[in-house]
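Below you'll find the structure, written out as structure tokens, and then a few comments.
Numbers restart at 1 for each chain; the letters A, B, ... are given by sequence-line order, proteins then strands.
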Amino acid sequence: MPPYKEQGVVLRSIKLGEADKIVTIMTQGSGKVRAVAKGIRRTTSRFGARLEPFTHVNLMLYRGRGALDTVTQAEILAPHRAIREDLALFAAGETMLEAVDRVAEEHERNVRLVVLLLAGLRALEARPNDPAAVAESFVLKLLSLAGFHPSLGACAVCGAPGAPLWSAGHGGAVCRADADRGAAPVDPQVLTVLAELATADLAAAGRGLAADPRVRRAARALLFGFAEYHLERRMRSVPLLASTAP
Amino acid sequence: MAYEGPIQELIDELARLPGIGPKSAQRLAFWLVKAPPDEAKRLAEAIVRAKERIAFCRECGNVAEGDRCRICRDASRDPTQLCVVEEPTDAATLERAGLIKGRYHVLGGAISPLDGVGPEDLRVQELLDRVERDGVREVIVATNPNLEGNATAMYVAALLKPLGVRVTRLASGLPVGGDLEYADEVTLSQALEGRREM
């Protein structure tokens, strides 16, 4: 197979054998790609820091016979270094990378997802005051892109305004008539916070947001419970995000 | 199943080892079968002995014969300097270089949210207890210079600094023996930030 060129963001890397790694990259043209970077863990590897998570890279790869491609060259377009040098930014960034990894399909082009991810990373790179709000706003936008936008006011089933209950399975806020067995009462303030985060510009997410930590925590729990329900996976980065967030 | 009886059992057991595939397991199994009986017996005994006698040091978390490792037992080591590493193999690498005059503290991994490893899964509380109890003055954070290692270093430093301890991190930059031409921007910028007066 001839080598091919791509650009994308490194989502994660796992160790392989003695000195190699398997890197997962969200690429612009080929969707999610998993590729082997040979010898990358050696101190003299020519890859250096080029394939560290968060890095936006230009790549040369060749297709493998199995599920894994091989990276032959990498060049940094944006290192997003600030995210790696602050724990709160790192926690928010990891949540973004994990959410993208869950939604993206291998070798299925999804340019809007790449654009959203780059916008999210740029917003974090600017060192916002509330990185967790940027991550939460990002996850809401990503859910919308994946077709799981939660209803945050009107009933998700009948559209009646001011729905007082929440049901992840029914798609968000629900009225009493449409509630399923798993529906639970939801604080209207929590829905307001989520609605503000859903519509906020990523770079400005969190600015002027209701500061009550109790409401923020409840909104976070509701959002990630909803995301986990629809993405059918546990979000492992949430505990660290919660520990660094307001 | 290509073989039957003990040879297949041996291949299956060897294939469970990390980095050993079915082909390698088969090669090793046949080598052991053909080897003189003493050789196979020595290997088997070494494995059993290691499992029986090796534990983790209650002080530093490194591998040890007994409840404290050789380095923690050595009174000539500086008790006020601690070098924090991810794994016992990292401590062994630093020890081979003979540069650390103090003792080690093995965390048992690095913070990696996507792998489900959080700070509570590492030996961080033991580190804080040790620093307070032993009057440690400097903690050298020698976690790997990658994303997870850096996050762990930041986390540990944030907890240690309020205790009034000097917290340092191993320098990152150009590898000795490498070519500048192949250096990436992140490594280069760290090398430049860490440049020294000549």
Side-chain angles (χ1 to χ4, degrees), chain A residues 10-18 20-21 24 40-55 57 73-81 83-102 233-244, chain B residues 17-21 24 86-87 89-90 93 97 109-122 124 143-159 161 169-193:
Chain A
V10 181
L11 299 181
R12 63 179 308 197
S13 63
I14 52 169
K15 289 180 183 176
L16 175 72
E18 286 267 311
D20 307 339
K21 272 184 175 179
T24 307
I40 190 169
R41 281 153 61 204
R42 296 188 209 282
T43 50
T44 50
S45 162
R46 67 202 150 82
F47 290 122
R50 291 180 179 97
L51 292 174
E52 281 287 281
F54 297 120
T55 314
V57 274
Q73 282 177 48
E75 194 181 77
I76 296 178
L77 294 170
H80 297 125
R81 203 178 146 190
I83 305 174
R84 283 179 245 166
E85 292 173 351
D86 179 285
L87 202 58
L89 294 177
F90 166 76
E94 285 278 284
T95 305
M96 291 184 186
L97 298 188
E98 185 180 18
V100 170
D101 193 15
R102 295 281 179 260
R233 290 295 249 306
R234 197 162 66 86
M235 291 283 292
R236 292 171 147 181
S237 53
V238 176
L240 188 66
L241 181 76
S243 72
T244 59
Chain B
L17 298 175
I20 307 280
S24 307
E86 290 179 19
E87 300 290 350
T89 47
D90 301 326
T93 304
I111 296 173
S112 178
L114 303 192
D115 297 314
V117 182
E120 65 287 349
D121 300 310
L122 308 176
V124 176
T143 51
N144 284 325
N146 55 25
L147 186 70
E148 293 81 13
N150 278 347
T152 310
M154 284 187 288
Y155 182 82
V156 166
L159 293 174
K161 278 186 180 164
R169 172 102 169 101
L170 288 193
S172 280
L174 297 169
V176 177
D179 275 14
L180 190 72
E181 184 189 345
Y182 293 108
D184 64 274
E185 294 86 324
V186 175
T187 308
L188 264 179
S189 67
Q190 290 190 354
L192 196 66
E193 282 164 16

(message) Tell me whether R81(A) is salt-bridged to E193(B), with the criterion being a basic N under 4.0 Å from an acidic carboxylate O.
(response) yes
(message) So for A183(B), is it side chain, backbone, both, or neither that comes closer than 4.5 Å to the heavy atoms of chain A?
(response) backbone
(request) Could you check which of R50(A), E18(A), E98(A), R41(A) has the highest count of heavy-atom pairs closer than 4.5 Å to chain B? (result) R50(A)
(request) Enumerate by number any residue of residues 84-97 of chain A whose heavy atoms lie under 4.5 Å from heavy atoms of chain B; in the absence of such residues, state 'none'. (result) R84(A), E85(A), D86(A), L87(A), F90(A), E94(A)
(request) Side chain from CB out, backbone as N, CA, C, O: work out which of these in E52(A) comes under 4.5 Å of a heavy atom of chain B, or both, or neither. (result) side chain
(message) Between R12(A) and D115(B), is there a side-chain heavy-atom distance shorter than 4.5 Å?
(response) yes
(request) With a 4.5 Å cut-off on heavy-atom pairs, point out which of D101(A), I83(A), I76(A), T244(A) contacts chain B the most. (result) I76(A)
(request) Could you tell me whether a side-chain N or O of R236(A) sits under 3.5 Å from a main-chain N or O of P113(B), the two making a donor and an acceptor? (result) no
(request) Determine the option with the most heavy-atom pairs under 4.5 angstrom with chain A, choosing from T187(B), L114(B), D179(B), N150(B). (result) L114(B)
(request) Identify which part of L11(A) has an atom lying under 4.5 Å from any heavy atom of chain B, answering side chain, backbone, both or neither. (result) backbone
(message) I need the residue from S112(B), S189(B), P145(B), P119(B) with the largest number of non-hydrogen atom pairs under 4.5 Å to chain A.
(response) S189(B)
(request) Look at N146(B), I111(B), V186(B), L147(B) and state which one has the largest set of heavy-atom pairs under 4.5 Å with chain A. (result) L147(B)
(message) Is F47(A) close to chain B through its backbone or its side chain, or both, or neither, when contacts mean heavy atoms under 4.5 Å?
(response) backbone
